[in-house]
Trainee: 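Can you keep this structure in mind? I'll have questions shortly.
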Number of protein chains: 2
Amino acid sequence: MDEIDELLSIRAAELYYEENKTQDEIGQALRLTRWKVGRLLAQAKQRGFIRIEILHPRARRLPIERRLRDERGLDDAIVVSTAGVTSPEELQARTAQAAADYLTALRPVPRTLGVSWGRTLFEISQHLRQGWATGVNVVQINGGVSLNRRPGTAAATAVGIAQKGGGSATLLPSPAILERLETKEAIESDRVVAGVIDLARSADAYLFSAGAADHSSVHVESGYLSVPDVDLLVQKGAVGDVVGRYIDSDGNIVDPALDARTVGLTLDELRRAQLAIAVISGPGKHAVADAVVRSRLCSVLVTDEATALHLLDG
Amino acid sequence: MDEIDELLSIRAAELYYEENKTQDEIGQALRLTRWKVGRLLAQAKQRGFIRIEILHPRARRLPIERRLRDERGLDDAIVVSTAGVTSPEELQARTAQAAADYLTALRPVPRTLGVSWGRTLFEISQHLRQGWATGVNVVQINGGVSLNRRPGTAAATAVGIAQKGGGSATLLPSPAILERLETKEAIESDRVVAGVIDLARSADAYLFSAGAADHSSVHVESGYLSVPDVDLLVQKGAVGDVVGRYIDSDGNIVDPALDARTVGLTLDELRRAQLAIAVISGPGKHAVADAVVRSRLCSVLVTDEATALHLLDG
DNA sequence: GCAGATCGTGCTCATATGAGCAGCCGGTCG
DNA sequence: CGACCGGCTGCTCATATGAGCACGATCTGC
């Protein structure tokens, strides 16, 4: 296309998209046939001169979702638009809403849903509508009795999801990470705890998020790890955690000793699941998101546009 | 429209604009009739959920141009899009290009074109194509023999426009502002100078820009005014200058004594013109642009989107 | 409880758009 | 010099879309 046609295509696009003229009218105005106008408009679109954005908190990016499915081998992907997002909170809210929508529309409805806990999961629980399902039992898949502040966020999340879904919640009454291996083994051999974990293994679907490996981690906030602990993990290659287990960029356990002291489903158990929904968004989580997808920890990913593009284009 | 319809309209818009489905296909997917889909899409547009942008340096904003004509009483308005602009230089280039395009398309072709000088005018002269007109004579409408750096920018501008338009340039051999009133009157009574000004008065069209009243002014750069001079003008209410004459927000001369020492067409002579094209863009020039339009110094305005919106919505 | 108003729905029909194709023009190579 | 090729043009025809309308549901006020 030469420059004169490029300019004409812009003039045509202005009249078509901004002035709502018909291609025929544009043809008269620019002294072109309507077919030429149609071709100019098609070229303007094809060359990327026309950008169409859907500005809405619930807007999704279907072409990116398709690419994630095709190029990253996911069973499904939900990508929320970042157009018009002004704060990190809004991004988080949009993603949580999308996850809640996905759960609500999920068919068949899972009878037992395994969930992790954390900021993202809590927000999803809040965005779910009363009656989003009927008779969904929720089971915690990793330990999380909070050691200090915000007691019961983990419990509140699971109970909230269950209650709104017309079912009951089964909590995992254990810390996330124990200081000694023996204690962890003792807890896991406890009848109740072992029963919960067995139930978790049998869940039809899992819903979990991932944490970035930095000082803002819920593990630091909850007191399970100290800031130097996290620094050490990062030094060993950790990019973040999934159900309390820290992984490197290939999805491998970074610190087997620490991992052995972590209560809950193992990553391999998660990988074997039919339906594992990861909800990961925000600029700080690009690396973990990549590790989760790369190592097939999830079959479904709910994320934001920027994170998705990072997964696709590096 | 209730929330369910709002959400549906977003889903429909995603399928329509991002996936290129027909309304009928969307109807099948969402279990709606195609008419319902059409209405949802219309509502999504009307409620502003759909934003269509034309991303191109030459893109204009026709609806804003129309509003400028209708609401601010301009004969014509050219508004360049700011979509995708990354630097002030690019904004300036886009506006200058639009001004050059406007001149080129102007009918009837002016036989004599009065021009001011400055950064904007110089850039317009550079964007004009060789042969943009045939036989356009250019005359300077305000004094501008540069006192120090960049000698001849004013002359180069006028000569460039004339030469590319197949005509000749008539320069105004005078400083912009003189220190003493007597000198100014003496210069103006000079046969050559008086002849040039007479020719300027008879021009078919004028092309000029406006300067902001701040330290970046060409008058400071050229040495006609000192920084304290400008500060004083601002204190008296100056928002900027047109053909070297400083005006307040109502378009009135701020300092009559200074104005009397300024060589060139007066503002009232400009106001009487059939065709006075002002080219004003950039965030720093919102106030002058408003003054120019409000006081009818121009009949045609070439500007950028942000400035135009300032003129329209405050 | 009912008449009238209002709204949303799904139709018919006119119009706008896109796909595909024959002809033409300008360039190229034997 | 002329046959060929590729790209552009403006057509025909099928399809997609939008305007207008009649019907039925729902709401409102007496």
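Per chain, numbering begins at 1; letters A, B, ... match sequence-line order.
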Trainee: For B/Glu65, give me all partners under salt bridge (charged side-chain N to carboxylate O under 4.0 Å, His left out), at least two apart in sequence or on another chain.
Mentor: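 Partners of B/Glu65 by the salt bridge (charged side-chain N to carboxylate O under 4.0 Å, His left out) criterion, ordered by chain and then number, come out as B/Arg60.
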
Trainee: Whole-Å distance between D/dC27 P and B/Asp2 CG?
Mentor: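 Whole-Å distance recorded here is 12 Å.
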
Trainee: For B/Asn137 and B/Thr112, which I'm curious about, is there any donor-acceptor pair between the side chains at under 3.5 Å?
Mentor: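 No, B/Thr112 and B/Asn137 have no side-chain donor paired with an acceptor closer than 3.5 Å.
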
Trainee: Roughly how many Å is it from CD1 in B/Ile4 to P in C/dG8, rounded to a whole number?
Mentor: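 Rounded to the whole Å, the gap is 15 Å.
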
Trainee: Within the structure, does a side-chain N or O atom of B/Tyr16 lie under 4.0 Å from either OP1 or OP2 of D/dA16?
Mentor: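 So the side chain of B/Tyr16 is outside the cut-off, no N or O lying under 4.0 Å from OP1 or OP2 of D/dA16.
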
Trainee: In whole angstrom, give the distance that lies between atom CZ of A/Arg34 and atom P of D/dG10.
Mentor: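 In whole Å, D/dG10 P and A/Arg34 CZ are 12 Å from each other.
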
Trainee: Is A/Thr33 close enough to D/dG10 that one of its side-chain N or O atoms is under 4.0 Å from OP1 or OP2 there?
Mentor: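 Yes, A/Thr33 has a side-chain N/O under 4.0 Å of OP1/OP2 on D/dG10.
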
Trainee: Tell me, which pairs form a ring-ring contact (aromatic ring centres under 6.0 Å, His included) where one or both residues lie in residues 53-112 of chain A, sequence neighbours left out?
Mentor: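 Applying ring-ring contact (aromatic ring centres under 6.0 Å, His included) to every pair that reaches into residues 53-112 of chain A, excluding sequence neighbours, yields A/His56-B/Phe49.
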
Trainee: Find the distance B/Glu25:CD to D/dT15:C1' and express it as a whole number of Å.
Mentor: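 These atoms are roughly 12 Å apart.
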
Trainee: Can you pull the salt bridge (charged side-chain N to carboxylate O under 4.0 Å, His left out) pairs that have at least one residue in residues 121-133 of chain A, sequence neighbours excluded?
Mentor: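 Every pair satisfying salt bridge (charged side-chain N to carboxylate O under 4.0 Å, His left out) with a residue in residues 121-133 of chain A: A/Arg129-B/Glu3.
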
Trainee: List the residues meeting side chain to side chain donor-acceptor pair (under 3.5 Å) with B/Gln126, not counting sequence neighbours, and say none if there are none.
Mentor: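 Not a single residue meets the side chain to side chain donor-acceptor pair (under 3.5 Å) criterion with B/Gln126.
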
Trainee: Could you give the CD-to-C1' distance, from B/Gln23 to C/dT15, as a whole number of Å?
Mentor: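 These atoms are roughly 14 Å apart.
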
Trainee: Give the nucleotide from the list C/dA16, D/dG18, D/dG10 with an atom nearest to the side chain of A/Thr22.
Mentor: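 Of C/dA16, D/dG18, D/dG10, C/dA16 is nearest to the side chain of A/Thr22.
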
Trainee: Whole Å only: how far is the CG atom of A/Leu40 from the P atom of D/dG10?
Mentor: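 Distance, rounded to whole Å: 11 Å.
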
Trainee: With sequence neighbours excluded, what pairs up with B/Lys164 under the side chain to side chain donor-acceptor pair (under 3.5 Å) test?
Mentor: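 Side chain to side chain donor-acceptor pair (under 3.5 Å) check on B/Lys164 returns nothing, list empty.
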
Trainee: Can you find a pair of side-chain heavy atoms, one from A/Glu71 and one from A/Leu311, that are under 4.5 Å apart?
Mentor: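 SC-SC contact between A/Glu71 and A/Leu311 ruled out.
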
Trainee: Tell me the interatomic distance from A/Gln43, atom CD, to D/dC8, atom P, rounded to whole angstroms.
Mentor: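 Those two atoms, CD and P, are 8 Å apart.
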
Trainee: Let me have a per-nucleotide readout for nucleotides 19-28 of chain C, 5' to 3', with B, S or -, counting only protein heavy atoms under 4.0 Å.
Mentor: BB--------

Trainee: Can you measure B/Leu15 atom CG to D/dA16 atom C1' for me and round it to whole angstrom units?
Mentor: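 Rounded to the whole Å, the gap is 16 Å.
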
